[in-house]
Amino acid sequence: MMTNGCSNRRTLKTVVADDFSRHTDFIGTLPGAFDAGLGETIYDQRNQLRRFTDQGQVFVVKRYKPVNVVQRVAYTFFRKTKAARAYLFAREFRRRGIDTPREVAYIETGGWRLFCTGYFVSLEAAGTETHLLLREVRDFSHELADAVAAQVVLMHSRGVLHGDLNLSNFLCSEQDGHYHFTMIDVNRSHFTDGMPSDDECLQNLVRTTHRRDLYEYLVRSYARQRGWDEDAAAVRALKLLDRFEHRKVRL
């Protein structure tokens with residue numbers, strides 16, 4: 001059930017990528033489909049992910065949780081919604097050569113002309129969440145960890161700072177004996193012209209994992225691939241992680 005004055009929602013805005021215009025009518029039905037419990041549920045916590053099929057094409061649709069009253073005003077007049085950013089940032093990731101599920105559409109709904117809930121539609125991506133392959137095993141693969149570090153170096157070299165660089169947002173698959181990563185949950189990312197500063201790069205790594213041995217290995221591998229002093233980078237990164245974890249405990 002929608003709250004915060006969002007019970008009588010209507011569609012305020014729908015944007016559909018040109019390549020998927022034939023699915024426009026179907027996309028318009030998605031808010032009602034969620035309300036009716038249709039689609040295959042993939043994930044259901046703060047946000048919801050469901051799988052739908054139209055004309056033989058499989059889509060993954062993310063419905064963001066309804067926002068509070070202050071956020072309704074902010075997203076209506078001052079800021080792009082999470083759904084809009086997910087769509088626009090996915091396009092920017094791909095423009096910069098970083099793989100992410102193909103953006104299809106986004107929908108913004110609300111009531112009384114104020115935004116309430118957003119939907120992001122993408123194609124389905126193959127792969128396993130990398131935290132299952134690294135963090136959840138006793139002896140993690142150094143080869144896979146090096147590949148993760150290389151993926152971060154690649155993103156940084158192209159001016160991409162993923163907004164939540166958690167290992168769960170790396171979908172991993174193997175192609176021709178090499179690891180391939182598809183990045184998901186990109187709506188909080190930032191972009192720079194060229195390589196971000198060293199401090200920004202290290203700070204970006206702090207969310208990868210709280211498992212200390214894995215985190216230090218990832219940082220050292222990243223530093224090695226950047227030509228940095230590994231020991232100095234590890235000391236700095238562990239201090240950043242301590243500060244990040246302490247901040248979370250205080251909150």
S.K.: Are there more than 12 heavy atoms of other residues, nucleotides or ligands under 6.0 Å from atom CZ of R46?
M.R.: no
S.K.: Could you tell me the separation between the CD1 atom of I107 and the CG atom of L30, rounded to the nearest 0.5 Å?
M.R.: 5.0 Å
S.K.: Determine, stepwise, if the pair N169 / H162 fulfils side-chain hydrogen bond (donor to acceptor under 3.5 Å, both in side chains).
M.R.: CA-CA 9 Å; N169 289 328; H162 191 292; 4.6 Å; no
S.K.: Any heavy-atom pair between the side chains of E103 and S122 that's under 4.5 Å?
M.R.: no
S.K.: Tell me the closest heavy-atom pair linking L214 and A145, and the distance in Å.
M.R.: CD1-CB, 4.5 Å
S.K.: Should the heavy atoms of other residues, nucleotides or ligands under 6.0 Å from CD of E143 be counted, would the total exceed 12?
M.R.: no
S.K.: Between E92 and R96, does any NZ, NE, NH1 or NH2 come within less than 4.0 Å of an OD or OE carboxylate oxygen?
M.R.: yes
S.K.: If you group Ile, Leu, Val, Met, Phe, Trp and Tyr by side-chain heavy-atom gaps below 4.5 Å, do F170 and I184 land in one group?
M.R.: no
S.K.: Quick one: OG1 on T29 to CG on D35, what's the gap to the nearest 0.5 Å?
M.R.: 11.5 Å
S.K.: Shared ILVMFWY cluster between V235 and L202, side chains joined below 4.5 angstrom?
M.R.: no
S.K.: Report the relative orientation of the aromatic rings in F89 and F191; use parallel for angles under 30°, tilted for 30 to 60°, perpendicular for over 60°.
M.R.: perpendicular
S.K.: Kindly give the cluster partners of V60, where membership spreads through any ILVMFWY side chain lying under 4.5 Å from a current member.
M.R.: I42, Y43, L49
S.K.: Should D242 and R212 be marked as a salt bridge (charged side-chain N to carboxylate O under 4.0 Å, His left out) after you check the CA-CA gap, both sets of side-chain angles, and the distance that decides it?
M.R.: CA-CA 10 Å; D242 287 339; R212 292 294 173 120; 2.7 Å; yes
S.K.: Nearest heavy-atom pair of R50 and L38: which atoms, and what distance?
M.R.: NH1-O, 3.0 Å
S.K.: Taking all non-hydrogen atoms of both residues, which atom of A125 and which atom of T182 are closest, and how far apart?
M.R.: CB-CG2, 4.0 Å
S.K.: With a 4.5 Å limit on heavy-atom distance, are the side chains of R211 and D213 in contact?
M.R.: yes
S.K.: For a 4.5 angstrom cut-off between non-hydrogen side-chain atoms, does E129 reach L171?
M.R.: yes
S.K.: Between W228 and L238, is there a shared hydrophobic cluster once you connect ILVMFWY residues whose side-chain heavy atoms come closer than 4.5 Å?
M.R.: yes
S.K.: Do the side chains of Y119 and T109 get nearer than 4.5 Å, heavy atoms only?
M.R.: yes
S.K.: Run L154 and V160 through side chain to side chain contact (heavy atoms under 4.5 Å, CB included) and show every step you take.
M.R.: CA-CA 9 Å; L154 174 66; V160 175; over 6 Å; no
S.K.: Could you pull out the closest heavy-atom pair between A83 and Y106, with the gap in Å?
M.R.: O-CB, 3.7 Å
S.K.: Between H142 and F140 (judged by ring centroids, cut-off 6.0 Å), do the two rings come close enough to count as a pair?
M.R.: yes
S.K.: Give the minimum heavy-atom separation between T24 and S21, together with the two atoms involved.
M.R.: OG1-O, 2.7 Å
S.K.: Using side-chain contact (heavy atoms from CB on, under 4.5 Å) as the criterion, point out the one residue from Q203, K239, H210 that pairs with F244.
M.R.: H210
S.K.: How about L241 and E245: do any of their side-chain heavy atoms sit closer than 4.5 Å?
M.R.: yes
S.K.: Side chain to side chain contact (heavy atoms under 4.5 Å, CB included) for N166 and R135? Distances and angles first, verdict last.
M.R.: CA-CA 11 Å; N166 188 297; R135 192 184 69 204; 4.3 Å; yes
S.K.: For H23 and F20, take the angle between the two ring planes, folded into 0 to 90°, and tell me which bin it lands in: parallel under 30, tilted 30 to 60, perpendicular over 60.
M.R.: tilted
S.K.: Before giving the answer on side chain to side chain contact (heavy atoms under 4.5 Å, CB included), spell out for L132 and T130 the whole-Å C-alpha distance, their side-chain angles and the decisive distance to 0.1 Å.
M.R.: CA-CA 5 Å; L132 298 173; T130 303; over 6 Å; no
S.K.: Please determine which of L205, L165, T208, D146 meets the side-chain contact (heavy atoms from CB on, under 4.5 Å) test together with L218.
M.R.: T208
S.K.: Does F34 offer a backbone N or O that forms a donor-acceptor pair with the side chain of R63 under 3.5 Å?
M.R.: no
S.K.: Checking side chain to side chain contact (heavy atoms under 4.5 Å, CB included) for the pair M155/M183: CA distance, chi angles, key distance, verdict?
M.R.: CA-CA 10 Å; M155 288 192 288; M183 306 307 299; 3.9 Å; yes
S.K.: Got a second to check how far H156's NE2 is from D198's CG, nearest 0.5 Å?
M.R.: 11.0 Å
S.K.: Nearest 0.5 angstrom please: T117 OG1 to K82 NZ, how far?
M.R.: 11.5 Å
S.K.: Can we call the ring centroids of F120 and Y64 under 6.0 Å apart?
M.R.: no
S.K.: For a quick test of reading the model, state the closest non-hydrogen atom pair linking A86 to V186 and the distance between them.
M.R.: O-CG2, 4.2 Å
S.K.: Kindly compute the distance separating NZ (K13) from CD (E108), expressed to the nearest 0.5 Å.
M.R.: 5.5 Å
S.K.: Answer yes or no: is there a side-chain heavy-atom contact under 4.5 Å between L133 and L167?
M.R.: no
S.K.: Determine whether more than 12 heavy atoms belonging to other residues, nucleotides or ligands lie under 6.0 Å from atom CG of D25.
M.R.: no
S.K.: Could you tell me the separation between the CZ atom of R224 and the CG atom of D229, rounded to the nearest 0.5 Å?
M.R.: 12.5 Å
S.K.: Any non-hydrogen side-chain atom of N204 less than 4.5 Å from a side-chain atom of P196?
M.R.: no
S.K.: Quick check: do F181 and I98 have side-chain heavy atoms less than 4.5 Å from each other?
M.R.: no
S.K.: For G163, is there any backbone N or O sitting under 3.5 Å from a side-chain donor or acceptor partner on S189?
M.R.: yes
S.K.: Applying the side-chain contact (heavy atoms from CB on, under 4.5 Å) test to V219, which of Y217, Y222, Y215 qualifies?
M.R.: Y215
S.K.: Kindly say whether D164 contributes a backbone atom to a donor-acceptor pair with the side chain of R188 at under 3.5 angstrom?
M.R.: no
